[in-house]
Structure formats: structure tokens, C-alpha cells
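Scroll down for the structure; my scribbles are underneath it.
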Amino acid sequence: MSSTLPLPFFGGTCTKAAFSFSLKSSSPLVPFQRLHLFRSTSRTTTRIRSSLFHSLKAKATAELVQDKESGVVATGKPVVEHSRTFVEARSEQELLSGLRKEVDAGRLPPNVAAGMEEVYQNYRNAVFQSGDAAAVGVVLSNMTVAFDHWLLDVEDPFVFEPYHKALREPFDYYMFGQNYIRPLIDFRNSYVGNLSLFYEIEEKLKQGHNVVLISNHQTEADPIIISLLLEKTNPHIAENMIFVAGDRVITDPLCKPFSMGRNLLCVYSKKHMYDIPELAEMKRKANTRSLKEMALLLRGGSKIVWIAASGGRDRPDPFTEEWYPALFDSSSVDNMRRLIEHSGTPGHVYPLALLCYDIMPPPRQKKKLEKKELSPFMGLDYQ
């Protein structure tokens, strides 16, 4: 693809050479991806993010800690009899009435059911606006699967290890995420810039080298968007990329099934390390374990890791409304440099620029979670 496509928040000043720790000389090109939604879906999908990825963060984090301390081992398989209410639904009416049935049976908390119904309404509206003749079937098919797996995680919560490998069987969570987000993207007007660099990266991986993508971060769906835009040209990268993920995407019951389909290195963000002071020490120890896991992975070679070095998502300038990348945390970049240098395997660091804020953008204002807040609707975040 042409390297002259507009990328306003890098403005031609951020080059591969500026971030490269490659043993070879670097090209001045930057790989990037620009995403377009179907016309008129931007405002609707903004609401999707607030309902799809809302979180009882403090409670979920505490439960995650409790599970780890009790020695619970995650298998991904339910240990209780799973309700078939949603998988047997054959219409919108049956699907939504199933929510009431599960709430009445005590298998689904009312607030989670309310979030699920809001997700359905917003997702349906967004997909319908794409003009796809098969929209009715697509919505019912994807939401039936989503409802079923949200309920499954309520019945038998999945616990993530520090390094989580995408679950592809007996249920393929990776394709579940791909199929869910796919209808929201207008692929005719979306593109990958400097595509040749992804072929270059693929060759380095085949040679046993490691690659790290230092990226900006705009939406909760970034990992799925990256995979969708690369699945035809670079399927190996799309399916094998490892994402450094914040704790919120592995504790939210409505987010977890999407995270289960990605390769994740799970960390606690430094920005939220002391949100709940009594959990700070546990978070530091968990991050140490994750760093050890990353070091072991890199020693094996042929790994590609994505990290949002800002530790959070981009937000628009409050005065100009233009989107720009959040400032990178230099210590995060330096940590990746050291890990690569000490892996004993050739390594390369590339910047990756993302422009996809129209789908599930973050709230305009950051909100710090107070200890007393046990049930706010919070946006989920990879980092």
C-alpha cells in the first residue's frame, strides 16, 4: 500500500528507525492500519463499547485474586450443567426472553442481563446500518453465541494464567471474536499501510527472530481489528500475535470470551496499581511473573508481541478534537528493549500506528476507580 496515506498523529516524524533495536539497518517506513466503519455506524458503535465492555472492576479483581490464592486451575470447561437457553433461540424474541428466564432462574445477575440486552440492541443497529442483506441472520448468529458464552462464564468463571494461549478448541474463541467484529468494519475503505513491512516481519519470524510492535492504542477491539486486517495477507501474524493485556480485559464477564481467543500476557497497569491499595503487592508479584513468562517466550524465538507503550488508550485533544497518540511510557519501551537484548535471540522492534477510534472509543474523560465503587460501568482496556 502507499506510504503517503494520511496518518495525522504520527505526522511523518515517527519512523521505524526511532524505535528499532534491530541488528540490521531500518527502513523509514512505519506499518500502520486505518479502519473505516460502515456509514452512520460510528455513533452507534460508540455506545457498544460502553455496554459491551463494562466492568465491576474492583469486585472482579478481588475475585481473581481469591481464585488464584485458592489454587483454582482454569480449564475453560464448565463444571456445572450449562443452560441451553440461548443456543436454542431461533429469533430475537426468543433470545431476549431467554434473558428474563435466566434471571428468574437465578443463573444470571440482573445487571449483567441488562448489559447483555443493551449490547444486543446496539450491535443489531450497527450491523443493520451496514446494508448487508444477511444482517438479520448475522446478528442473531453472533449474539446467540455471545449470550451463551457470557452465561457460561457467569456459571463457571474462567481464570487466566499470566500467559494465556488462545483457546481454539473445542470452541474456537479466536474466530468468535473475528466473526463478531467483522460486520462492523467497512473493508472496502479500510487498509493496511506499508504492507511490505508485515511481509518483512513474517520472514524474520520464520528465521526464528522475535518481533515487538510498539503501538498506540485506541479501542478495546484493537487486537481483533489488527487480526481482521491481516487475516488474508498475513494469517500467521494475525493468529499468533501475543498481546500485552491489562487486568480489566481478563476480569470483566462480558469481555472475557473475546480475550480467551487471543494470546495474552496479562499485566496490571502501573496507572491503576494503587486503585485498591491492599492489592498493590499482589499486582506487583503478578507483573513479575508475567515478565518472566515473556522472557521465556522470547528465548524460544519466533514470537511477535504487541504492546501499547502508553499504558492506555488515545484520546482526542480537548480543544481541536483531533486524535493523537498518548505519550509512550519510556520505561515500558526500555523494558522491551532489555527483554529482547537478553533473550539470546535476534530481535526487532517496530512502531505500529493504529487509526480506528470510531469503533468502541474510550470515554473522553479518564475516571479513577475508588475502592467504594463496586459496580460502575467501566471501559475495558488492553493496557
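Below, all heavy atoms of this structure are taken into account, side chains as well, without hydrogens, waters or symmetry copies.
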Given E281 and R284, is the salt bridge (Lys or Arg N to Asp or Glu O under 4.0 Å) satisfied, shown in steps?
CA-CA 5 Å; E281 183 61 25; R284 282 194 292 268; 2.6 Å; yes
Under 3.5 Å: donor-acceptor pair, side chain of K101, backbone of T85:
no
For the pair N210 (side chain) and G347 (backbone), establish whether a donor and an acceptor sit closer than 3.5 Å, ignoring hydrogens and angles.
no
Residues that D148 engages under salt bridge (charged side-chain N to carboxylate O under 4.0 Å, His left out), provided they are two or more places apart
none
Which residues satisfy the ring pair (Phe, Tyr, Trp, His ring centres under 6.0 Å) test with F171, sequence neighbours excluded?
H149, Y173
Tell me whether Y120 shares a hydrophobic cluster with V136, the cluster being built from Ile, Leu, Val, Met, Phe, Trp, Tyr side chains joined at under 4.5 Å.
yes
Hey, does F86 have a side-chain heavy atom less than 4.5 Å from the side chain of M143?
no
Going by the rule side chain to side chain donor-acceptor pair (under 3.5 Å), which residues pair with N263 if we only count those two or more places apart in sequence or in a different chain?
none
So does E94 get a backbone contact from the side chain of S97, meaning a donor-acceptor N/O pair under 3.5 Å?
yes
Any donor and acceptor pair, going by atom type alone, linking the side chain of K204 with main-chain N or O of E202 inside 3.5 Å?
no
Same hydrophobic cluster for Y199 and I237, using side-chain heavy-atom links shorter than 4.5 Å among ILVMFWY?
yes
Treating S215 as the side-chain partner and L352 as the backbone partner, does any N or O pair qualify as donor plus acceptor under 3.5 Å?
yes
Should we say atom CD of E169 is surrounded by more than 12 heavy atoms from elsewhere, each under 6.0 Å from it?
no
Is it possible for you to say whether V145 and M175 belong to one hydrophobic cluster, with membership spreading through side-chain heavy-atom contacts below 4.5 Å?
no
Look only at the side chain of N179 and the backbone of N142, and say whether a donor-acceptor pair between them is shorter than 3.5 Å.
no
The salt bridge (charged side-chain N to carboxylate O under 4.0 Å, His left out) partners of E117 (sequence neighbours excluded) come to none
Are T219 and R313 close enough that some pair of their side-chain heavy atoms sits under 4.5 Å apart?
no
Closest approach of C356 to Q218 (non-hydrogen atoms, all atoms of both residues)
N-OE1, 2.7 Å
Please check: side-chain N/O of N194 versus main-chain N/O of L197, any donor-acceptor pairing under 3.5 Å?
no
In terms of relative ring orientation, are F147 and W150 parallel, tilted or perpendicular, with 30° and 60° separating the classes?
tilted
Can you list the other members of the hydrophobic cluster that holds L296, where links are side-chain heavy atoms under 4.5 angstrom apart?
none
With sequence neighbours left out, the residues meeting salt bridge (charged side-chain N to carboxylate O under 4.0 Å, His left out) with R168 are D172, E239
Quick check on the hydrophobic clustering: are V87 and L96 connected, directly or via other members, by side-chain heavy-atom contacts under 4.5 Å?
no
Could you go through L354 and I226, starting from their C-alpha distance and side-chain angles, then the distance that decides it, and tell me whether this counts as side-chain contact (heavy atoms from CB on, under 4.5 Å)?
CA-CA 9 Å; L354 300 177; I226 291 170; 4.1 Å; yes
Quick check: does any side chain N or O of R262 sit under 3.5 Å from a backbone N or O of Y174, one acting as donor and the other as acceptor?
yes
Is the backbone N or O of I304 less than 3.5 Å from a side-chain atom of N240, with the two atoms forming a donor-acceptor pair by type?
no
Other residues, nucleotides and ligands only: do more than 12 of their heavy atoms fall within 6.0 Å of CZ on R84?
no
With a 3.5 Å distance limit and no angle check, can you tell me whether W306 reaches the backbone of L213 through a side-chain donor-acceptor pair?
no
Student check: side-chain heavy atoms of Y123 and P183 closer than 4.5 Å:
yes
